[in-house]
Each structure stands twice: as structure tokens, then as C-alpha cells.
Peer 1: 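Here you go, one structure.
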Amino acid sequence: MSNFAIAIHGGCGVMAKVDLSEAEWIDARADLAKALRSGWAVLKKGGRALDAVQAAVEVMEDSPHFNAGHGAALNAAGGHELDASIMDGQTLAAGAIAATRRIRNPVQAARAVLDSGNLVMLVGPAADDYAQARGLAMVEPSYFTTPRRQKALAAMQAHERAGTIKAASEAEKHGTVGAVALDAAGHLAAATSTGGYTNKPVGRVGDSPIIGAGTYARDGVCAVSGTGQGEFFIRHVVGHEIASRVAYLGETLENAAARVILRDLKPYGIGTGLVGVDAHGTVTAPYNTDGMFRGWVTISGDLFVASHHEVYFIERLGTASGSATTA
Ligand code: ASP
């Protein structure tokens with residue numbers, strides 16, 4: 001048994017099971033497992049939860065299957081504006097970027113902002129420039145575009161013209177990626193990265209880069225990363241709300257997360273989900289859509305991934321940690 005754990009999500013905007021080809025699912029599942037292995041490798045050698053969540057999110061940003069980085073959703077002008085954030089539960093230090101267009105891995109820029117020691121959030125072209133000045137990989141915006149997202153944009157714009165937005169599938173609408181982790185030193189961290197929702201207005205920023213809404217981590221309590229229509233996550237300050245229920249009401253993370261996702265946000269009729277991990281390494285991943293790309297490695301080192309109802313055991317990873325590193 002280890003005393004560390006990690007969980008990830010690839011967004012609650014998954015296709016209905018019937019529309020997801022077996023080949024695509026196998027590929028998405030492989031990328032989820034790769035993201036978990038990448039985060040787990042950090043934790044296993046005694047590394048920081050902060051580095052583990054960043055490593056896991058980077059893998060999902062590079063995958064075309066999820067709405068972040070390569071494969072991110074297109075906005076109403078057919079462009080990309082990417083948001084990301086990361087939070088260290090030990091120090092409550094956080095970094096976020098929003099509406100960036102050229103940073104290959106937005107979570108790296110969020111981390112650079114966190115590491116600056118004084119900033120929490122940078123937006124727009126200035127955030128792109130900040131990342132470039134720090135030597136992060138920059139790309140042409142077309143790098144982020146995939147045929148699937150172009151199809152989704154065309155579908156959403158057709159729904160808009162026909163007044164049938166409600167009939168749009170969750171997969172056409174949105175997605176996000178995120179990771180939460182507990183490290184061997186007992187520290188928690190969370191990170192989230194997104195393209196937002198398909199056909200979003202230019203300049204719109206959702207919950208993913210908002211600390212306390214789409215991303216939150218606090219040692220001794222929990223770490224949370226959300227997915228779903230961000231405006232509601234911001235209004236309900238979802239990450240912080242869940243942490244408050246755990247800290248002040250003594251609820252389990254599972255109950256607190258289920259309460260917020262399945263009850264508080266229910267009246268809005270929107271797709272929502274999250275992953276969370278508590279101070280003991282217990283993981284939760286509630287969602288109210290057809291499915292949510294997700295996965296976790298438990299404290300016994302078992303790696304699981306899922307898209308819909310069924311959960312797949314992939315492998316048992318080693319759990320021996322090296323000497324724990326504290327920040
Ligand atoms: N939370 C993201 C946003 O509102 C989108 C999503 O996860 O579906 O930008």
C-alpha cells in the first residue's frame with residue numbers, strides 16, 4: 001500500500017456509448033492510462049503532487065481525444081482560447097492563465113504563474129507573451145484544431161441557427177481535462193485545462209482557470225478539478241464549496257462532491273462532473289452525464305479508467321515510494 005493517489009478526468013462531454021467507436025475508445029483509454037502513469041511515476045519516486053497533476057494534465061493536453069491543448073474546442077469565431085490553472089494544497093499557491101492562443105501546454109504556463117510567487121492569473125496575449133518569455137513551447141493556433149472539433153463547431157452553429165441548442169450532445173458542447181493528487185508527504189494538488197465550450201463567445205472565460213471554482217486544493221481537506229458548464233461552477237464556487245463541506249461539516253469527500261454535483265447543480269439541467277481526492281487518498285468521480293472520461297490509481301496502486309458506466313482495471317502499478325520530497 002502507498003500513501004499517495006491520483007485521479008484524472010477527460011471531461012464530462014463524452015459521446016453516447018453508441019457513437020463512440022471501439023477504436024476511438026481504446027485510444028482514449030490508452031491516453032487516460034498514459035496520463036495516470038505519468039503522474040504516478042512522479043508520486044512513486046517521492047515527487048510532489050503538484051508535479052504529478054501537471055504531468056498528467058500535459059499528457060491529456062497532447063491527446064486529441066480531450067478538450068484541452070491539441071483537440072480543444074473552437075469558439076464562435078472558429079478560434080481557440082485556452083484556459084488552465086494549478087493549485088498547491090500545501091501553500092495555497094496557485095497559477096492560472098485564460099484566453100491564451102499559442103501556448104502548446106497551457107498547464108505549464110499556469111505553473112509558471114504559480115512559480116512566479118506573486119501572481120495568480122494572467123490573461124490573453126500577455127499570458128502568451130509571458131509563457132514565451134519563459135521558454136515554454138509555442139505553437140500556431142491551428143495546432144489545437146482537429147476535424148472532430150470543426151465538426152462540433154459546425155453542429156453547434158447549426159443548432160444555434162435552428163434554435164435547437166438543447167438537442168446538442170454533451171460531446172459537441174464541451175469537455176475539459178483535470179487531475180488531482182495526494183503525494184507521499186501528505187500534500188494535495190489540483191490542475192485543470194480546457195478549451196471551454198464549443199461556439200463560446202470570444203473572450204469568454206469559464207471556471208477551469210478560476211481558483212475555488214474549477215480547481216481547488218487544500219492540504220488536510222481535498223483537491224478537486226471540475227468539468228461542466230463553467231458559469232455554474234463559478235457561481236457555486238464548486239471546488240471551494242466541496243472543500244468547505246469536508247472541512248466545516250465533516251462530510252466525506254464523496255458525499256460533499258455528490259451533493260454539489262448531483263444536487264446543488266441539478267436544477268440547471270447542465271452536464272457536470274469532477275474528480276477529487278481527500279487527505280487519505282480516497283478518490284471520487286461523480287458526474288451527471290452519459291459518461292465522463294476518468295481514471296484513478298488507488299493507494300494500493302491499481303490503475304482504473306472509464307468513459308461510461310463500466311470501470312476498467314488496467315494494471316497494478318508499483319507503490320514503493322522513495323524518500324518524500326517536501327517543498
Ligand atoms: N468547464 C469548462 C468551461 O466551462 C467546460 C467543460 O468542462 O465542459 O470552460
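Read the numbers this way: they start at 1 and go in the same order the structure lists the ligands and their atoms. As the structure is a prediction and not an experimental result, all values here were calculated from the model. Computed from heavy atoms alone, side chains included, the values below leave out hydrogens, waters and symmetry copies.
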Peer 1: With a 6.0 Å cut-off on the ring centroids, do Phe4 and His187 count as close?
Peer 2: no
Peer 1: Please report whether ligand 1 has a polar contact with Thr227, defined as an N or O pair separated by less than 3.5 Å (distance criterion only).
Peer 2: yes
Peer 1: I'd like to check which ligand 1 atoms, numbered from 1 as shown, lie under 4.0 Å from a non-hydrogen atom of Asp207.
Peer 2: 1 (N), 2 (C), 3 (C), 4 (O)
Peer 1: What part of Ser208, side chain, backbone, both or neither, has a heavy atom within less than 4.0 angstrom of ligand 1?
Peer 2: side chain
Peer 1: Go through ligand 1 atom by atom and flag the ones less than 4.0 Å from a non-hydrogen atom of Gly230.
Peer 2: 3 (C), 4 (O)
Peer 1: Any N/O of Asp83 closer than 3.5 Å to an N/O of ligand 1?
Peer 2: no
Peer 1: Can a salt bridge be assigned to the pair Glu251 and Arg259 using a cut-off of 4.0 Å between side-chain N and carboxylate O?
Peer 2: no
Peer 1: Is Gly175 close to ligand 1, meaning an N/O of one under 3.5 Å from an N/O of the other?
Peer 2: yes
Peer 1: Return the residue, atom name and 0.1 Å-rounded distance of the protein heavy atom closest to atom 8 (O) of ligand 1.
Peer 2: His174 ND1, 2.4 Å
Peer 1: Does this structure show an ion pair linking Glu24 with Arg148, if we count only N-O contacts that are shorter than 4.0 Å?
Peer 2: yes
Peer 1: Nearest to atom 2 (C) of ligand 1, what protein heavy atom do you find, and at what distance?
Peer 2: Thr176 OG1, 3.3 Å
Peer 1: For atom 9 (O) of ligand 1, which of the options Gln229, His9, Glu81, Arg204 provides the nearest non-hydrogen atom?
Peer 2: Arg204
Peer 1: With a cutoff of 4.0 Å, is Gly228 in contact with ligand 1, counting heavy atoms of the residue only?
Peer 2: yes
Peer 1: Sort and list the pairs that fulfil side chain to side chain donor-acceptor pair (under 3.5 Å) and have at least one residue in residues 270-284, not counting sequence neighbours.
Peer 2: Thr272-Asn288
Peer 1: With under 30° as parallel and over 60° as perpendicular, where do the rings of Phe66 and Phe293 fit, or are they tilted in between?
Peer 2: perpendicular
Peer 1: Considering only distance and modelled atom types, tabulate donor-acceptor pairs under 3.5 Å from the side chains of residues 111-125, sequence neighbours left out.
Peer 2:
| unit_1 | atom_1 | unit_2 | atom_2 | d |
| --- | --- | --- | --- | --- |
| Arg111 | NE | Asp115 | OD1 | 3.2 |
| Arg111 | NE | Asp115 | OD2 | 3.3 |
| Arg111 | NH1 | Asp51 | OD1 | 2.8 |
| Arg111 | NH1 | Gln54 | OE1 | 3.0 |
| Arg111 | NH2 | Asp51 | OD1 | 3.2 |
| Ser116 | OG | Val113 | O | 2.6 |
| Ser116 | OG | Asn118 | N | 3.4 |
| Ser116 | OG | Asn118 | OD1 | 3.2 |
| Ser116 | OG | Leu119 | N | 3.3 |

Peer 1: Check whether the ring centres of His70 and Phe144 lie less than 6.0 Å apart, and answer yes or no.
Peer 2: no
